[in-house]
Amino acid sequence: MDKFIVRGGNKLFGKVKIQSAKNSILPLIAGSVIASGKTVIKNTPKIRDVVIMCEIIRFLGGKAEFLGDDLHLDTSLVNSWSLPSNLTSEIRASLFMVGALICRFGYASIKRPGGCRIGERPIDIHVDALKTLGVKVDEGEEIVFSGKIINSGVINLRFPSVGATENAMMTALRGKGVSTIKNCAKEPEIEDLQKYLNMLGANIKGAGTSVITVEGLSKNNSGEIVFTPYPDRIELGTYLFALGAVGGEIEIHAETFKNSQSVINFFKDNACKIHIINDKIYNISISDTLRSFGKVCTGPYPAFPTDLHPQLVACALNANGITAVEENVFESRFAYANELKKFGAKIGVYGKLCLVEKSVLRGANVVAGDLRGGASLLIGALSADGQSEIKNAVHVDRGYYKIEEKFSALGAYVKRVSY
Ligand code: UD1
């Protein structure tokens, strides 16, 4: 097992290269099963969730390998629709494979998928959507989906679930007519999936809005598909909140700012200055102590992302005044707060509301319990006086590739050691 050793207090200076979005890449890997051929996903980080999805592709009979920063997939020989329980229990995104496998084979089976421990994470919205399309679902220890014949129809999601929107899109491709998905999630990563599936020959419209229409896929494009996903807005936000916490000046490619307006806006209104050097480069600096972020409510896109809530809280510990964060997506996302308190953080959690006060932070030994919570502990440690240890680096590795090297390149002291 690995842990991070962090010595706090250093400001951050330098360039940050942002990876392609994890939440685009994972459904794209699943979608590649529909291609029955070759796909290249550009600028793909070798983060743990991606590595596990690649293992699932190999288990099913396909190929997945990295050449430099690009992920090369070949799903022409995929010959199984039964997902391996040892891998699916580790990663919730394995659930995306269900829609792709139904589209290709008419069947899929999976044990209950895993993922971060940030709430109940049921799958009823997925199941209801697939049932509307005519899929028969047998829910035992193993959940078996049978959908040889898919009806086209209208799906009304009870909540705009990202994964259920993506699963419904892929399943509906097996239908003959046009399906409509209402109350869809509008996350930009869904646009990436739409673009990719349309490159395969599908006719999907509406991603990025709350209504998506999907026309049955009659014939696959047979050539190799090269796809560049959106930049990872959560990785970008993590570096911005780290910068907010400790100060300094970082340079980021302008392209990276796509889809990050909600985060940038309230940064711009604070002590942060964004200089546009040219149409390619943005320079972001913190010249003064941050002011409170006021009240921030997480919610489905375009609201503030739940995946940045813990990092925002760690940053707000360095801001004058009180910041309030209301968590509206995952009910149990506050486990990290107890660990932040070990640094001396003044945080109060009241149901789904969290109040954060400027605090004097001292180094401490803490344990990461989930991916984004782990990132917030890193930000806490970077802004604390003295040395900290963050155990369970594996959680952070699910979403950030060699984060210790990226922070070190910016002048922070972050080392990875085994224990
Ligand atoms: C995706 C993201 C994850 C992000 C989340 C919310 C990927 C790979 N992961 O996860 O990083 O935190 O969106 O933006 O894209 N729900 C149900 N029943 C269901 C499905 C979901 O009740 O069948 C609930 C969940 O418990 C949660 C909420 O809906 O409270 C949102 O979940 P959802 O949008 O489905 O998240 P994921 O797709 O799993």
Side-chain angles (χ1 to χ4, degrees), residues 20-31 44-45 47-50 52-53 56 88 90-100 110 112-132 137 139 143 145 155-171 181 183-193 207 210 229-230 232-235 237-238 259 262-263 297-312 326-334 336 352 370-376 395-396 398-400:
S20 286
K22 164 177 100 58
N23 288 353
S24 289
I25 296 167
L26 300 176
L28 288 171
I29 296 176
T44 298
I47 50 177
R48 201 171 146 69
D49 276 12
V50 168
I52 295 173
M53 283 296 272
I56 294 176
T88 55
E90 285 201 44
I91 172 181
R92 180 163 170 99
S94 55
L95 193 55
F96 300 141
M97 297 296 299
V98 168
I110 189 171
R112 257 171 213 286
C116 267
R117 285 170 288 159
I118 51 173
E120 276 294 308
R121 306 199 82 168
I123 62 164
D124 58 305
I125 305 176
H126 297 250
V127 169
D128 288 350
L130 270 46
K131 280 184 176 167
T132 306
V137 184
E139 288 197 62
I143 310 171
F145 299 84
I155 299 167
N156 276 297
L157 302 179
R158 77 163 166 80
F159 179 88
S161 152
V162 176
T165 301
E166 294 171 331
N167 251 332
M169 283 162 74
M170 292 191 275
T171 305
I181 312 165
N183 196 26
C184 295
K186 295 186 247 179
E187 268 66 359
E189 292 76 20
I190 296 171
E191 292 174 38
D192 267 348
L193 183 63
S210 55
Y230 280 134
D232 197 316
R233 59 199 167 93
I234 307 302
E235 192 195 21
T238 302
N259 311 321
S262 66
V263 180
C297 300
T298 72
Y301 190 85
F304 186 83
T306 175
D307 284 353
L308 279 175
H309 139 193
Q311 301 90 314
L312 159 73
E326 187 179 286
E327 174 53 53
N328 293 312
V329 182
F330 290 109
E331 68 281 12
S332 320
R333 184 138 230 180
F334 290 110
Y336 71 89
K352 62 178 190 174
D370 66 82
L371 164 58
R372 306 304 173 185
S376 95
H395 285 298
V396 178
R398 286 192 42 223
Y400 302 89

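Counting starts at 1 for both ligands and their atoms, in listed order.
Here the side chain of Asn167 pairs a donor or acceptor atom with the backbone of Gly99 at under 3.5 angstrom. Not one N or O on the side chain of Arg398 forms a donor-acceptor pair closer than 3.5 Å with the backbone of Ile47.
Both the backbone and the side chain of Val329 come within 4.0 Å of ligand 1, judged by heavy-atom distances. Within the 4.0 Å heavy-atom criterion, both parts of Ile125, backbone and side chain, lie near ligand 1.
Residue nearest to atom 38 (O) of ligand 1, selected from Ala30, Gly399, Gly163: Gly163 (by heavy-atom distance). Counting only non-hydrogen atoms, the option in Arg92, Arg372, Lys22, Arg158 that gets closest to atom 21 (C) of ligand 1 is Arg92.
The closest approach between any non-hydrogen atom of Tyr301 and ligand 1 is not below 4.0 Å. A heavy-atom separation below 4.0 Å is not found between Glu189 and ligand 1. For Ala185, the heavy-atom gap to ligand 1 stays at 4.0 angstrom or more.
Looking at ligand 1, you won't find any N or O of Pro160 less than 3.5 Å from one of its N or O atoms. The shortest N or O to N or O distance between Asp307 and ligand 1 is below 3.5 Å. In terms of polar-atom proximity, defined here as any N/O pair under 3.5 Å, Phe330 makes no such contact with ligand 1. Taking distance alone, with nitrogen or oxygen atoms compared against 3.5 Å, Ala93 stays at or beyond that limit from ligand 1.
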Trace of the side chain to side chain contact (heavy atoms under 4.5 Å, CB included) decision for Asp128 with Asn156: CA-CA 9 Å; Asp128 288 350; Asn156 276 297; over 6 Å; no
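Remark: Arg158 engages Asp124 in a salt bridge, criterion side-chain N to carboxylate O under 4.0 Å. Lys186 has no carboxylate O lying under 4.0 Å from a charged side-chain N of Glu191, or vice versa, which leaves the two without a salt bridge.
Of the candidates Arg372, Glu235, Lys22, Tyr400 forms a side-chain hydrogen bond (donor to acceptor under 3.5 Å, both in side chains) with just one, namely Arg372.
By the side chain to side chain donor-acceptor pair (under 3.5 Å) test, Thr171 pairs with no residue at all, sequence neighbours left out. By the side chain to side chain donor-acceptor pair (under 3.5 Å) test, Thr44 pairs with no residue at all, sequence neighbours left out.
Atom-to-atom distance recorded for Tyr230:OH and Asp192:CG is 6.0 Å, nearest 0.5 angstrom.
The atoms of ligand 1 that sit less than 4.0 Å from any heavy atom of Asn23 are 2 (C), 3 (C), 7 (C), 8 (C), 9 (N), 11 (O), 15 (O). Which parts of ligand 1 touch Phe159 is read off a 4.0 Å heavy-atom cut-off, strictly below it: atoms 28 (C), 29 (O), 31 (C). Contact atoms of ligand 1 toward Phe96: 8 (C) (distance under 4.0 Å to a heavy atom of the residue).
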